[in-house]
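Notes for the one structure printed next.
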Amino acid sequence: MTQAPVDRRRLRGDESRRAVLSHAVDTATVDGLEGLTIGRLADASGHSKSGIATLFGSKEQLQLAVVAAAREVFIHRVVTPARARTPRGLVRVCTLLGDWLDYSRDRVFRGGCFFAATSVEFDAKPGVVRDAIVAASSEWEDYLTVSIEYAMAAGELPLLDDARQLTFEMVSFLEAANTRSLLHTSEEPYRRAEVALRARLTSLGGDPGLVASIGAAPAV
């Protein structure tokens, strides 16, 4: 007799948590994770301060939940679509890079890439929040590296001998485009990043036809 009311309360709690996290992730890209306050989130989400405190407990727990939510959004927008529509190899590498640029350019979050923003905020602040940011960022870089290694194994990047080095370069291009686009309120940094990514992959022996897909409009 009591199971249904309990399930409904849990469902409402889950919905409230998702709604608050949606506001919190977006806010954190502009004001930082340290800028998140119970009062600000209450105003933005329409929930009470006590309700938000009940959902997350401490500010640190809220920050960790926000990092986890941002990771889920990133995977949904960048990694999952690339895996679903491309085979392993250079075509997937190019798709991942293009989808990352779209994720930033489309302003999924007002402040661009969540992890580009919070990495700068927490790079010199040891603790569990920085550890969570590092883990999520490393997960992305590891996946990109593995994707590059598949391209190497298939002979699609014959002049490349260090996948991790190329990952470092690719991520640097992506994050520079994100930061400069925000700073200058301009699309130009994305176009320049696309040129740089295509040139680097082509210089390593990548098929110009495949590499040209970075920045190209998706097929309808």
Side-chain angles (χ1 to χ4, degrees), residues 14 17-38 41 52-53 55-84 86 88 92-152 162-179 182 193 197:
D14 290 344
R17 183 180 176 86
R18 285 193 293 271
V20 172
L21 283 174
S22 178
H23 289 288
V25 175
D26 192 55
T27 298
T29 62
V30 177
D31 299 325
L33 282 169
E34 293 288 14
L36 295 177
T37 66
I38 298 297
L41 288 179
I52 292 177
L55 288 172
F56 298 101
S58 67
K59 182 173 181 177
E60 182 176 86
Q61 289 303 311
L62 169 62
Q63 291 173 329
L64 290 172
V66 169
V67 174
R71 173 186 173 274
E72 290 180 5
V73 172
F74 180 85
I75 291 173
H76 176 71
R77 287 296 301 256
V78 178
V79 178
T80 300
R83 292 185 65 178
T86 61
R88 291 168 172 169
R92 181 170 295 177
V93 172
C94 293
T95 301
L96 287 167
L97 297 172
D99 285 356
W100 195 104
L101 289 167
D102 288 341
Y103 149 81
S104 173
R105 177 165 34 208
D106 293 347
R107 296 295 183 258
V108 173
F109 305 122
R110 282 180 297 151
C113 176
F114 174 89
F115 292 102
T118 55
S119 294
V120 173
E121 182 185 6
F122 275 84
D123 58 4
K125 297 179 182 178
V128 294
V129 177
R130 186 178 76 168
D131 291 346
I133 294 169
V134 170
S137 299
S138 297
E139 183 181 32
W140 153 241
E141 293 183 18
D142 288 346
Y143 184 71
L144 182 57
T145 298
V146 168
S147 299
I148 292 170
E149 287 172 344
Y150 274 109
M152 291 173 66
D162 187 342
R164 182 65 67 177
Q165 173 64 29
L166 183 59
T167 293
F168 180 85
E169 295 173 24
M170 301 291 99
V171 170
S172 296
F173 290 147
L174 297 175
E175 293 186 351
N178 177 82
T179 301
L182 290 164
L197 292 166

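In this text the structure is predicted, and so the values were computed from the model without any measurement.
Taking the side chain as every heavy atom from C-beta outward, Phe115 and Val67 approach each other to under 4.5 Å. Thr118 is not listed as a side-chain neighbour of Arg130, based on a closest heavy-atom distance of 4.5 Å or more. Contact annotation: the side chain of Glu149 never approaches that of Leu166 to less than 4.5 Å [non-hydrogen atoms, C-beta and beyond]. Counting heavy atoms from C-beta on, the side chains of Val73 and Phe114 never come closer than 4.5 Å. Residues Val93 and Leu97 have side chains in contact (heavy-atom distance under 4.5 Å, counting atoms from C-beta outward). Considering only heavy atoms from C-beta on, Gln63 stays 4.5 Å or farther from Val66 through its side chain. Within the 4.5 Å cutoff, the side chain of Leu197 has heavy atoms near those of the Leu101 side chain. Asp99 places none of its side-chain heavy atoms less than 4.5 Å from the side chain of Arg77.
With sequence neighbours left out, Arg83 forms a side chain to side chain contact (heavy atoms under 4.5 Å, CB included) with Val79, Arg92, Tyr143. Looking at residues two or more places apart in sequence or on another chain, you find a side chain to side chain contact (heavy atoms under 4.5 Å, CB included) between Ala151 and Leu90, Glu156, Leu157.
We find that Asp131 and Lys125 are not joined by a salt bridge, their nearest charged nitrogen and carboxylate oxygen being 4.0 Å or further apart.
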Side chain to side chain contact (heavy atoms under 4.5 Å, CB included) between Val120 and Thr179: does it pass, once the steps are laid out?
CA-CA 11 Å; Val120 173; Thr179 301; over 6 Å; no
I would like to know whether Arg164 and Asp142 meet salt bridge (Lys or Arg N to Asp or Glu O under 4.0 Å); could you show each step before the answer?
CA-CA 8 Å; Arg164 182 65 67 177; Asp142 288 346; 3.0 Å; yes
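Side-chain N or O atoms of Thr29 include one that pairs as donor or acceptor with a backbone N or O of Asp26 at under 3.5 Å. When atom types are taken as modelled, the side chain of Asn178 and the backbone of Cys113 share a donor-acceptor pair closer than 3.5 angstrom. Judged by distance alone, with hydrogens and angles left aside, the side-chain atoms of Glu141 form no donor-acceptor pair with the main-chain N or O of Thr167 at under 3.5 Å.
Residue Leu36 holds its CG atom at 10.0 Å from CZ of Phe56, rounded to the nearest 0.5 Å. Note: Leu62 CG to Ile52 CD1 = 8.5 Å, rounded to the nearest 0.5 Å. Taking CG from Leu182 and CZ from Arg110, the interatomic distance works out to 11.5 Å, rounded to the nearest 0.5 Å. Taking CE of Met170 as the start and CD1 of Ile148 as the end, the distance is 7.0 Å to the nearest 0.5 Å. To the nearest 0.5 Å, atoms CH2 (Trp140) and CG (Leu96) are separated by 5.0 Å.
More than 12 heavy atoms of other shown residues, nucleotides or ligands fall within 6.0 angstrom of atom CZ in Arg105.
In plain terms, the two heavy atoms of Asp162 and Met152 that are nearest each other are N-CE, 4.3 Å. Arg71 and Glu139 get closest at one heavy-atom pair: NE-OE1, 2.7 Å. In plain terms, the two heavy atoms of Leu33 and Ala28 that are nearest each other are CD2-CB, 3.9 Å. Of all the heavy atoms in Ala132 and Leu64, the pair that sits closest is CB-CD2, 3.9 Å.
For Phe74 and Tyr103, the distance between ring centers is under 6.0 angstrom.
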